[in-house]
Structure formats: C-alpha cells, structure tokens
**Q** 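Just dropping this structure here.
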Amino acid sequence: MRIMNKIYYLVMSMTVILLAACSQDEMEQKEETLPELRVMVNHPSSISTRASVNGLATTFESGDKIGVFVIDEIGDPMKINVAYRYNGTNWVLDDPSEKVYYSPNCSYYAYYPYVERDNNYWDNTIVYYMDNPNDFFEYFISEWVPEYDQSTLENFNASDLMVGEGTDNSETASVAFTLNHQMGLVRIAYYDGRVQQYVEDISGLDSKTYFYNKDVNNCPVPYNTGNHYFYYIAKPGVPIEFWYMDTMTGPRPSTINVDEDKGFITTTEVSPSF
C-alpha cells in the first residue's frame, strides 16, 4: 500500500511539473507573437512650473535612464525595473537582450532616474495593482534622498525624482510616459549689499566656495546655472539648512522652509556682508 502511495505521489508530482513547463512554454510563445515595446518619455518641463526656470536645462540628456514596470490586467508584474536609456534621439533598452513586449492589456509605470534594486526590494515596497503612479511608487518616493552636493548637473539631475504612468498606443505598440516631479525646487538669489542689487551673472560664483561649511556633514551645495539663480532639489515640506560664505564672518547658516507641493519652486535669497 505504501509503495502504491509513493508511486501515486510521484506521478502527480511529475504531472504538475509538466503542466507548469507547458504553461511557461505557452507564455513564452504568446510573448513572442507580441510586438516589442516602443518607449517615449515626455519631460515635465512642458507642464511644470519649472518650465519658466531661467538658465536651467529641463530636458533629458543622452545617457539618462528610466526604470519601467509592466503590470498585467490582474495586477501581477510582467517586467520589473527594466532600464531604458536615452541615446539622444530615442529611448532604447539598456540591455538589448532583455526583451519587453507590448500588450494593450497591460499597465506601464516608469520613474527617473534609474537606480539598481533587486526584485525583492520592489516586491516588498510596491503594490502592483495601484492605478495611480504616486501610489504605485509611494514607498520609493518617501525614502528618496536627493544628493547633498548638487554643484554638478549630473548630481542635480540625479536628485530630480519623477514618476508617471504610460499612455499606450496599440497601433504603434508604444507607450508614452509623462513624468511628474516628486521633489521640490529651491531657487536662491544672491544679493550684493555693496551695490544694493541682485547679482544677475553668477557664473563667477563657485557653488562649493559660496555654499559650504567644511565642519558640517552633508552640507547642501546648490547648482549654479550661471544666470540669476542657484538651484537645489529638496524633499517637499522638509526644511533644509544651507551654509553660505559671508566675506566678513565666514560660513553662515540659512534655514529654508521648502514648500510642501511637489514640483513647486521655493524662492529665497542670501545676502553676505561686505
């Protein structure tokens, strides 16, 4: 009797394995009949208050990457955090061997800038069936920390977290993402007390010289556009303390209360003694 039971369970186990294999094969065959996904990404400069930012680049640069998620009709992930890279003209798979297929039954989500995280991280932090991209990426957004030193354009852009849901086009097998800013933007004017006016040409003011305190860890350093303003990407609603160089007294603190609205510009000024 025990031998018969063992044979029965062995047969059942093999049947389950074969069915799973067939199911996997059918899924792969089904994918291969679908067209490969084409990705387009709209920078939020066309719809954001930052569109009026003077001297600040608000377009994607060649080499920028986004992370794309493909979710099926019942809320299960088909593709997780696939990297697409901008080559200056189009968005292409960063790893060409990782094929992504288009289906009108799927939902598509994306974020910028791309970061490498394993699937366990996303499985533990993302609720895949959420319809709103802000809800979809809620934990990821909440734990995002902008770079402290944003004196370079690379670090500045790497701090500018954006998320969005894709709008698909079945005729072209494409998905267009319009990304929205999730951080706030601080705009800093430099006031020259000697001549009682704001400095319009700030190209000669090095950020790491005029906004730095060597005795402070994680000292925020803004990006210098060279025209009118310094800029710094910060978490909405979280006060930050800048240190700016006063020619008479040395480094001086300046607390900025960042607006709570995502993508909003908070304007402030520094006015060193002379």
Side-chain angles (χ1 to χ4, degrees), residues 37 39-53 56 58-60 64-84 86 91 100 102-147 150 156-169 174-187 231-240 256-266:
L37 178 68
V39 167
M40 294 173 288
V41 187
N42 300 316
H43 197 282
S45 60
S46 60
I47 59 173
S48 168
T49 53
R50 297 190 194 180
S52 61
V53 171
L56 181 62
T58 54
T59 58
F60 289 112
D64 282 346
K65 296 180 187 179
I66 62 170
V68 172
F69 293 74
V70 182
I71 313 301
D72 69 15
E73 60 268 28
I74 61 174
D76 289 334
M78 302 292 289
K79 291 290 183 178
I80 299 175
N81 200 33
V82 179
Y84 277 81
Y86 186 57
W91 290 87
V100 180
Y102 168 79
S103 170
N105 298 320
C106 289
S107 298
Y108 302 85
Y109 298 91
Y111 73 91
Y112 168 91
Y114 174 81
V115 292
E116 284 194 35
R117 298 280 173 88
D118 61 29
N119 286 359
N120 287 333
Y121 168 84
W122 298 110
D123 286 337
N124 291 326
T125 60
I126 280 184
V127 182
Y128 289 111
Y129 57 79
M130 288 294 187
D131 292 331
N132 187 303
N134 285 38
D135 294 335
F136 186 86
F137 290 110
E138 181 179 10
Y139 180 82
F140 184 58
I141 295 170
S142 69
E143 71 158 5
W144 184 261
V145 179
E147 299 281 348
Q150 298 179 21
F156 180 86
N157 287 336
S159 303
D160 194 12
L161 178 62
M162 298 180 277
V163 305
E165 183 176 4
T167 301
D168 70 297
N169 185 327
S174 64
V175 172
F177 295 100
T178 296
L179 303 183
N180 295 300
H181 294 291
Q182 299 302 306
M183 296 293 106
L185 182 66
V186 175
R187 178 168 62 188
Y231 289 98
Y232 189 83
I233 292 172
K235 291 185 79 72
V238 179
I240 54 175
I256 298 173
N257 294 312
V258 184
D259 195 279
E260 294 183 358
D261 293 334
K262 297 176 179 180
F264 193 82
I265 298 175
T266 301

**Q** Using every non-hydrogen atom in the two residues, find where T266 and N257 come nearest and quote the distance to one decimal.
**A** CG2-O, 3.6 Å
**Q** List the atom of I80, the atom of P77, and the distance in Å for their closest heavy-atom pair.
**A** CG1-CB, 3.8 Å
**Q** Quick one: closest heavy-atom pair of M162 and Q182, and the distance?
**A** CA-CG, 4.4 Å
**Q** State, to 0.1 Å, how close W91 and D64 come at their nearest heavy-atom pair, and which atoms those are.
**A** CZ3-O, 3.5 Å
**Q** Test of understanding: with side chain to side chain donor-acceptor pair (under 3.5 Å), list the residues that count as partners of Y102, not counting sequence neighbours.
**A** D168
**Q** Looking only at heavy atoms, what is the nearest atom pair of E165 and D131, with distance?
**A** OE1-O, 2.9 Å
**Q** Using side-chain contact (heavy atoms from CB on, under 4.5 Å), reason through I66 and Y114 one step at a time and then give a plain yes or no.
**A** CA-CA 5 Å; I66 62 170; Y114 174 81; 5.7 Å; no
**Q** Before we go on, tell me: are the rings of F60 and Y112 under 6.0 Å apart, centre to centre?
**A** yes
**Q** If we ignore hydrogens and angles and just use 3.5 Å, is the side chain of N119 paired with the main-chain N or O of N81 as donor and acceptor?
**A** no
**Q** Rounded to the nearest 0.5 Å, what separation is found between the CD1 atom of I141 and the NZ atom of K262?
**A** 4.5 Å
**Q** Any chance you could lay out the side-chain contact (heavy atoms from CB on, under 4.5 Å) test for Y139 and I126, step after step, and finish with the verdict?
**A** CA-CA 7 Å; Y139 180 82; I126 280 184; over 6 Å; no
**Q** Centroid-to-centroid, F140 to W122, below 6.0 Å?
**A** yes
**Q** By side chain to side chain contact (heavy atoms under 4.5 Å, CB included), which residues pair with A234, not counting sequence neighbours?
**A** V186, Y232, I240, V258
**Q** Is there side-chain contact between I233 and Q150, with at least one heavy-atom pair below 4.5 Å?
**A** yes
**Q** Considering the options V41, V163, N42, L161, which one meets the side-chain contact (heavy atoms from CB on, under 4.5 Å) requirement together with L179?
**A** V41
**Q** What residues form a salt bridge (charged side-chain N to carboxylate O under 4.0 Å, His left out) with E116, not counting sequence neighbours?
**A** none
**Q** Quick one: side chain to side chain contact (heavy atoms under 4.5 Å, CB included) partners of K235, sequence neighbours excluded?
**A** W144, P146, M183, V238
**Q** What residues, two or more places apart in sequence or in another chain, satisfy side chain to side chain donor-acceptor pair (under 3.5 Å) together with S174?
**A** T172
**Q** Does Y84 have any ring-ring contact (aromatic ring centres under 6.0 Å, His included) partners at least two apart in sequence or in another chain, and if so, which?
**A** none
**Q** Look up atom CG in D118 and atom CG in N124, then write down how far apart they are to the nearest 0.5 Å.
**A** 9.0 Å
**Q** CZ of R117 to CG of D123: how many Å apart, nearest 0.5 Å?
**A** 13.5 Å
**Q** For L185 and Y231, run side-chain contact (heavy atoms from CB on, under 4.5 Å): C-alpha distance rounded to whole Å, both residues' side-chain angles, the deciding distance at 0.1 Å, then the answer.
**A** CA-CA 7 Å; L185 182 66; Y231 289 98; 3.9 Å; yes
**Q** For V175 and Y108, which heavy atoms make the closest approach, and how far apart are they?
**A** CG2-CD1, 3.6 Å
**Q** Parallel, tilted or perpendicular: which fits the ring planes of F136 and F69, with parallel below 30° and perpendicular above 60°?
**A** perpendicular
**Q** Begin with the C-alpha distance, continue with both residues' side-chain angles, and end with the deciding distance and a verdict on side-chain contact (heavy atoms from CB on, under 4.5 Å) for V39 and F177.
**A** CA-CA 8 Å; V39 167; F177 295 100; 4.1 Å; yes
